[in-house]
Number of protein chains: 2
Amino acid sequence: MVRQSRKGTSPTMADVARLAQVSQQTVSRVLNDYAFIKPDTRERVLKAIASLDYRPNMAARTLATSRSRTIGVVASDYLSFGPASALFGVEQAASEEGYGVSIVSLRESNRETIAEALARLVGQSVEGIVMISPQDVSASAAFLSFDNVPVVTLSSVDTGEHTSIMYDSVEGSRAATQHLIELGHKWIAHLAGPAGFTVSESRIHGWRKALGAAHLVAADPFVCDWTAESGYLGGKQVLADPRFTAAYCANDRIAQGLLLALHEAGRVVPRDFSVVGFDDVPEAAYCIPPLTTMRQDFTKLGRRCIEALMVRINGEPPQEADPLLPVLIERSSTSRAPLP
Amino acid sequence: MVRQSRKGTSPTMADVARLAQVSQQTVSRVLNDYAFIKPDTRERVLKAIASLDYRPNMAARTLATSRSRTIGVVASDYLSFGPASALFGVEQAASEEGYGVSIVSLRESNRETIAEALARLVGQSVEGIVMISPQDVSASAAFLSFDNVPVVTLSSVDTGEHTSIMYDSVEGSRAATQHLIELGHKWIAHLAGPAGFTVSESRIHGWRKALGAAHLVAADPFVCDWTAESGYLGGKQVLADPRFTAAYCANDRIAQGLLLALHEAGRVVPRDFSVVGFDDVPEAAYCIPPLTTMRQDFTKLGRRCIEALMVRINGEPPQEADPLLPVLIERSSTSRAPLP
DNA sequence: GGCCAAATTGTTTGCGCAAACAATCCTGTT
DNA sequence: AACAGGATTGTTTGCGCAAACAATTTGGCC
């Protein structure tokens, strides 16, 4: 290692240039893969870079090019599996594209907090934003125009103004319910997600659709809030109505809560009661009994977000992607309806 | 809104200055809370800022001050609850300190990938780095000196070179085991974490410690890998030895897998067998039966990391924090040992 | 041998901001 | 009425880099 000329600060291109006996601009060219550099020169520069342990200063690069090579993520709830996986996918895909990821998390989601989060990211001059924040308000807040930073949201509302990436919740929900119908269940409860989430609505809708197609009656859904606790509480209500022999839950955690409520009530799953979840979180396969559920690949979802963002960033024409459909994973929490 | 002078680009301080009829420097002063600004001037500037919807350019600020107001996070596994919560805590605390958060995730952890991740963050001129990556190799790789960027790791090895923040796993483990001992269990299995994690070692150690103090024999731990699947598989092995009446698991997911194995074997928990987990993930309370476990507050852990980092960044003397102890949450997966 | 086009390198400039320094304007004093 | 010393604002400069433009060299060709 060669001692740096200035101490305390990292070496700059100028330092490299001096050592390699070229101009600063040539160093810049080597770093940016400019085509017309003599192999000999390039080598000298690279050696100087290595010897000084030079690392380019992103802030300066951003300032000079007005491209930050950074994308921002607004996440409201990456503590649960889905959003966390999506974040993972976003980071991976972004990093493969040579982008860094800045994250801002929301404690609560409303127009103000979202606007502030977006503003902070724009202030860091991110080139694009992914909103992993399934509340409806996120989608609407994304409309707030921020310079020309493209925004992609993870939600089922696709408004045209911004891109939205999501699994088809209506269809997934329909398929889940259909599975129970095919098993002979006539009264199928739905433990729904909370208000303010488009997916909640979509899942209710898909459930109703399947029920309607089979000429079965859809009771009011039991509104939960994605947590196991709410599923447990909702489960107690479901159990109060002896007609139900099955329930379709808006996610696996709700289903896990329901499973406990059933267990405590002495109802054996799936003999007495069938349960279907949604997401296929890692724990789903190890519930008692292992949970039948609709699998979604959230990591892929995150990658899709980056793809969509890159298209927008590079000004390419938007391309159609094949739709994302949850797939039924059949495990032991579902079986034929008990005889009346 | 006043029309910007230049189109396509965001307004700069110069634009604001022109509109407010002051110098660019005065705008800078207003933005940086310089004390001696005439209220009248300040107001004009603020009005101009609002009217232009001006937002400072972080890249320029970073370049001028060589402070990025950003901290980097290296995360290897934020898909599970603990690391995700820690990330959440880090982001919150950082944001309260006025810092942004850049994240780099690791697909696999070895010296090279970690070194590269650190290099990328340093390249973004982060002012500090938090490694949410509990593998031993992370701690060792953090030694790679990167300019003078302080690194804080989430792990139990505290080497002095860098700060390390973690709950006391040995003591937590001892307490968990002790709980089972007090319930009269004599043969207590341990479903351990995988090799390469200091916490795995610590938890084995704490378990042995409690057993030793009670003059009980510690069989070989059953090595798992933090997943429910491994707990399920490990559980089958535990069940092969009829002497065991209880098991202490290195985390809740392992415990959940064990619970399923017990259920399938017809062993009723806690009547026939007691189980203790670690972490108190949200699902723990809704396992069948609800899981006794050692609670850790990962969000707090994340906040601690930022505190430690701020101390280092601001060059303050390191201060002692009270130790973090997991607390026993007693639920229904533990009871007195069955009579022989 | 001279000429054109491509290859290769250098010089100047500005990105948007804050630090350093300089100038002016106050206020109450002696 | 002149002055010390703070209050308030302005001017110049440089952070590290890449874009734009300029200069020089090289190689091929008639």
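Just so it is clear, the structure is predicted and the values come from calculations on it, not from any experiment. Numbers restart at 1 for each chain; the letters A, B, ... are given by sequence-line order, proteins then strands.
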Check your understanding: Is the shortest heavy-atom distance from the side chain of B:Ser95 to the side chain of B:Val101 under 4.5 Å?
Key ->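 No - every pair of side-chain heavy atoms lies 4.5 Å or more apart.
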Exercise for review: For residues B:Val151 and B:Arg312, determine if any side-chain heavy atom of one lies less than 4.5 Å from a side-chain heavy atom of the other.
Suggested key: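 No, every pair of side-chain atoms sits at 4.5 Å or beyond.
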Have a look at [X] and say if it touches a base, only the backbone sugar-phosphate, or nothing, with a 4.0 Å heavy-atom cut-off.
X       : result
A:Thr26 : sugar-phosphate
B:Thr62 : nothing
B:Ser66 : nothing
B:Leu31 : nothing

Exercise for review: Assign each of B:Phe36 and B:Ala60 to its nearest nucleotide of DNA chain D by heavy atoms, then name whichever residue's nucleotide is nearer the 5' end.
Suggested key: B:Phe36
Point to revise | Closest-nucleotide 5' rank along DNA chain D - winner of A:Gln25 and B:Arg29 | key: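 In this pair, the answer is B:Arg29.
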What is the separation between atom [atom1] on [X] and atom [atom2] on [N], rounded to the nearest whole Å?
X       : N      : atom1 : atom2 : answer
A:Asp15 : D:dC15 : CG    : P     : 11 Å
A:Gln24 : C:dT13 : CD    : P     : 15 Å
A:Met13 : D:dC15 : CE    : P     : 15 Å

Check your understanding: Does A:Glu96 pair with A:Arg303 as a salt bridge, N-O distance under 4.0 Å?
Key -> yes
Exercise for review: Give me the ring orientation class for A:Phe298 and A:Tyr167: parallel if the planes are under 30° apart, tilted from 30 to 60°, perpendicular past 60°.
Suggested key: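 Aromatic pair A:Phe298/A:Tyr167 classed tilted.
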Check your understanding: Out of C:dG16, C:dT8, C:dG10, which has the shortest distance to the side chain of A:Val22?
Key ->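 For the A:Val22 side chain, the nearest candidate turns out to be C:dG10.
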Check your understanding: Closer than 4.0 Å, any side-chain N/O of B:Ser23 to the OP1 or OP2 of D:dG10?
Key -> yes
